[in-house]
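Residue numbers run from 1 in the order of the sequence given. Keep in mind that what you see is a predicted model, and the values were worked out from it rather than measured. We count ligands from 1, going down the list as the structure has it; atoms in each ligand are counted the same way.
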Amino acid sequence: MKKAQIGYYRRSSRLKFDSSHSTLRLVEMASQFLRSTNSRYVAGVLAALGAGSAVYTLTPQQLQAKSEVDAATIKKIEEAYAKLNGPEGAKCKSLLKKHLTKEVVEKLKTKRTKVGATLYDCIRSGVYNLDAGVGVYAPDAEAYTLFAPLFDKIIEDYHGFSPKQKQPPVDLGEGKTKEFPPLDPKGKYIKSTRIRCGRSLKGYPFNPCLTQDNYLEMEGKVKKAFSEYSDKELKGKYYPLDGMGKDTQKQLIADHFLFKEGDRHLQYANACNFWPKGRGIFHNNDKTFLIWVNEEDHMRIISMQEGSDVGAVLDRLIKGVRGIEKQVPFSRDDRLGWLTFCPTNLGSTVRASVHIALPKLAARKDFIEICEKLNLQVRGIHGEHSDSVGGVYDISNKARLGLSEYQAVKQMYDGVKKLIEMEEKQK
Ligand SMILES: Nc1ncnc2c1ncn2[C@@H]1O[C@H](COP(=O)(O)OP(=O)(O)OP(=O)(O)O)[C@@H](O)[C@H]1O
Ligand SMILES: NC(=[NH2+])NCCC[C@H](N)C(=O)O
């Protein structure tokens with residue numbers, strides 16, 4: 001009979017897992033089983049706690065028997081609902097709070113995905129971060145369907161994408177990049193342009209369910225894929241975060257190339273387990289083509305450069321995506337398109353942005369409203385949840401789902417073009 005192996009239980013630290021079933025959740029299930037049974041396993045676990053580490057075996061049937069959601073998790077879900085709707089949550093404006101109704105809680109609190117994720121795993125980040133705009137993450141792909149009564153509402157609210165809609169077929173914009181000549185040829189407003197997309201490796205769940213072994217294995221796979229780049233422009237080197245000097249890391253972040261560390265939204269989503277293992281960045285010599293490994297998503301593929309030549313940035317991104325998808329298969333859903341950890345990034349997964357200064361327009365009280373009407377999202381210059389510095393904003397397309405990659409870039413392009421026209425007319 002096939003057996004699931006459970007390993008490395010360390011006192012005082014989280015349960016670390018290394019097995020053929022490869023999920024943190026499986027271990028939690030197993031550990032609950034061990035704790036709740038009166039059999040000899042209890043003695044075994046106690047011995048393991050004393051010894052610091054041990055290896056156990058359970059049959060899949062034994063694990064299955066305990067796969068329902070335990071009372072403690074159900075209680076946490078109910079408390080989360082109470083927190084969001086009690087005095088502490090009074091100022092919370094997240095989509096989680098809006099759509100996690102009592103009815104949704106009742107319907108979903110006893111469900112568990114095949115790899116063991118519960119509703120609590122989806123909402124944890126937004127329950128701890130009451131200032132979140134969205135507040136949910138999908139611990140694995142199945143969560144989007146199993147917990148659809150919550151995700152569908154949030155997805156519809158954020159992207160305007162109804163449960164009946166389907167992500168259109170992939171259209172990266174091949175052959176159409178000439179439609180995006182420089183937005184600001186004289187360089188009066190735009191400092192730089194960046195287009196990124198996200199990808200998840202087929203066969204792996206998202207962050208909270210990944211083990212250290214998964215991270216390292218995935219890093220190995222993508223590293224191998226980068227090494228296959230033969231294109232002169234894209235060729236580069238992979239820099240693992242584990243072992244990277246703090247100064248180098250800081251500089252890469254300050255220069256907008258590398259992801260930040262310690263994002264509390266990700267931390268409370270359990271997305272930073274085993275950090276920095278398996279995380280890193282690949283980039284070409286000019287740092288115009290970059291790939292983030294195992295931060296929020298398994299991969300973030302990025303093309304960026306100074307100035308406003310959107311077509312050139314998109315051309316390079318297309319080349320990069322086409323190159324890597326030959327090497328590693330990605331998870332795609334018929335309805336939701338490319339699958340990502342956060343529902344805001346589903347579908348095309350494209351965020352096309354410019355760093356732009358629009359002094360007259362940005363001084364208007366309705367600046368954000370103007371941008372929203374153009375389907376644009378406004379951020380500060382050090383990324384999400386940061387502030388504008390020196391009047392420079394990060395302006396991008398807001399929707400990523402329900403439109404193709406090409407259309408997502410066009411949303412940013414047309415919107416920013418309009419903003420520049422308005423800036424020039426503004427008294
Ligand atoms: N047009 C741009 N030019 C230069 N840097 C940019 C541009 N757009 C974004 N960046 C930089 O990219 C980094 C990552 O930004 P941020 O985290 O907001 O976005 P993201 O990578 O699209 O991911 P997410 O939406 O998941 O946060 C930041 O340092 C940010 O300043
Ligand atoms: N990087 C992202 N996925 N951004 C979107 C949401 C981020 C965070 N969870 C929030 O709700 O504010």
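Under the side-chain hydrogen bond (donor to acceptor under 3.5 Å, both in side chains) rule, Tyr215 has a single partner from Asn207, Asn294, Asp242, which is Asn207. Test Arg194, Arg351, Gln377, Arg379 against Asp394 for side-chain hydrogen bond (donor to acceptor under 3.5 Å, both in side chains) and you get one pass: Arg351.
The shortest N/O to N/O separation between Arg400 and ligand 1 does not fall below 3.5 Å. Taking any N or O of Ile253, backbone or side chain, none lies under 3.5 Å from an N or O belonging to ligand 1. Checked by distance only, ligand 1 and Trp292 stay at 3.5 Å or farther apart across all their nitrogen or oxygen atoms.
Relative to atom 23 (O) of ligand 1, the option among Glu296, Arg300, Lys191, Met412 with the closest non-hydrogen atom is Arg300. Looking at His382, Met304, His265, His256 and measuring to atom 13 (C) of ligand 1, the nearest heavy atom belongs to His256.
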Show your working on salt bridge (Lys or Arg N to Asp or Glu O under 4.0 Å) between Asp414 and Lys410 and close with a plain yes or no.
CA-CA 6 Å; Asp414 294 346; Lys410 189 165 162 50; 3.1 Å; yes
Please walk me through it: do Asp309 and Thr193 pass side-chain contact (heavy atoms from CB on, under 4.5 Å)?
CA-CA 7 Å; Asp309 193 343; Thr193 303; over 6 Å; no
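Annotation: atom 27 (O) of ligand 1 to nearest protein heavy atom, Glu384 OE1, 3.0 Å. Ranking the protein heavy atoms by distance from atom 3 (N) of ligand 1 puts Ser192 OG, 2.6 Å first. In this structure, the protein non-hydrogen atom closest to atom 21 (O) of ligand 1 is Arg194 NH2, 2.9 Å. The closest protein non-hydrogen atom to atom 8 (N) of ligand 1 is Ser353 OG, 2.7 Å. Looking only at protein heavy atoms, the nearest one to atom 3 (N) of ligand 2 is Glu296 OE2, 2.7 Å. For atom 15 (O) of ligand 1, the nearest protein heavy atom (residue, atom name, distance) is Gly383 CA, 3.8 Å. Protein heavy atom at the shortest distance from atom 9 (N) of ligand 2 is Tyr137 OH, 2.8 Å. For atom 12 (O) of ligand 2, the nearest non-hydrogen atom of the protein is Gly133 N, 3.0 Å. The nearest heavy-atom contact from the protein to atom 16 (P) of ligand 1 is Arg379 NH1, 3.4 Å. Protein heavy atom nearest atom 31 (O) of ligand 1, with residue, atom name and distance: Ile381 O, 2.6 Å. Looking only at protein heavy atoms, the nearest one to atom 6 (C) of ligand 2 is Glu384 OE2, 3.8 Å.
Between His256 and His382, the two ring planes are parallel [angle under 30°; tilted spans 30° to 60°]. The aromatic rings of Tyr406 and Phe180 lie tilted to each other, with the angle between the two planes from 30° to 60°. Ring planes of Phe226 and Tyr238: tilted class, angle from 30 to 60°.
Side-chain contact check for Met299 versus Cys197: every heavy-atom pair is 4.5 Å or farther apart.
Looking at Asp394 against ligand 1, only its side chain comes within 4.0 Å, counting heavy atoms. By the criterion of a heavy-atom distance under 4.0 Å, both the backbone and the side chain of Ala132 are placed next to ligand 2. No part of Thr344 comes within 4.0 Å of ligand 1, judged by heavy-atom distances. Neither the backbone nor the side chain of Ile302 has any atom closer than 4.0 Å to an atom of ligand 1 (non-hydrogen atoms only). Under 4.0 Å from ligand 2, heavy atoms of Val134 appear from its side chain as well as its backbone. Residue contacts with ligand 1, taken as heavy atom pairs separated by less than 4.0 Å, involve Arg196 solely via side-chain atoms from C-beta onward.
In this structure, Asp255 places its CG atom where more than 12 heavy-atom neighbours from other residues, nucleotides or ligands lie under 6.0 Å away. Other residues, nucleotides and ligands contribute more than 12 heavy atoms inside 6.0 Å of the NZ atom of Lys360. Heavy-atom contacts from other residues, nucleotides or ligands closer than 6.0 Å to CD of Glu421 number more than 12.
Annotation for ligand 1: atoms under 4.0 Å from non-hydrogen atoms of Val354 are 1 (N). Close contacts of ligand 2 with Gly135, meaning ligand atoms under 4.0 Å from a residue heavy atom, involve 11 (O). Ligand 2 places these atoms under 4.0 Å from at least one heavy atom of Asn345: 3 (N).
The side-chain tip of Lys223 does not point at the ring of Phe282 from less than 6.0 angstrom away and within 45° of straight on. Under the 6.0 Å distance and 45° angle rule, Lys75 does not count as a cation-pi partner of Tyr120.
Not a single heavy atom of Phe257 sits less than 4.0 Å from an atom of ligand 1.
Residues Gln426 and Arg364 have side chains that bring a donor and an acceptor to within less than 3.5 angstrom of each other.
Residues Tyr158 and Phe151 keep their aromatic ring centres 6.0 Å or farther apart.
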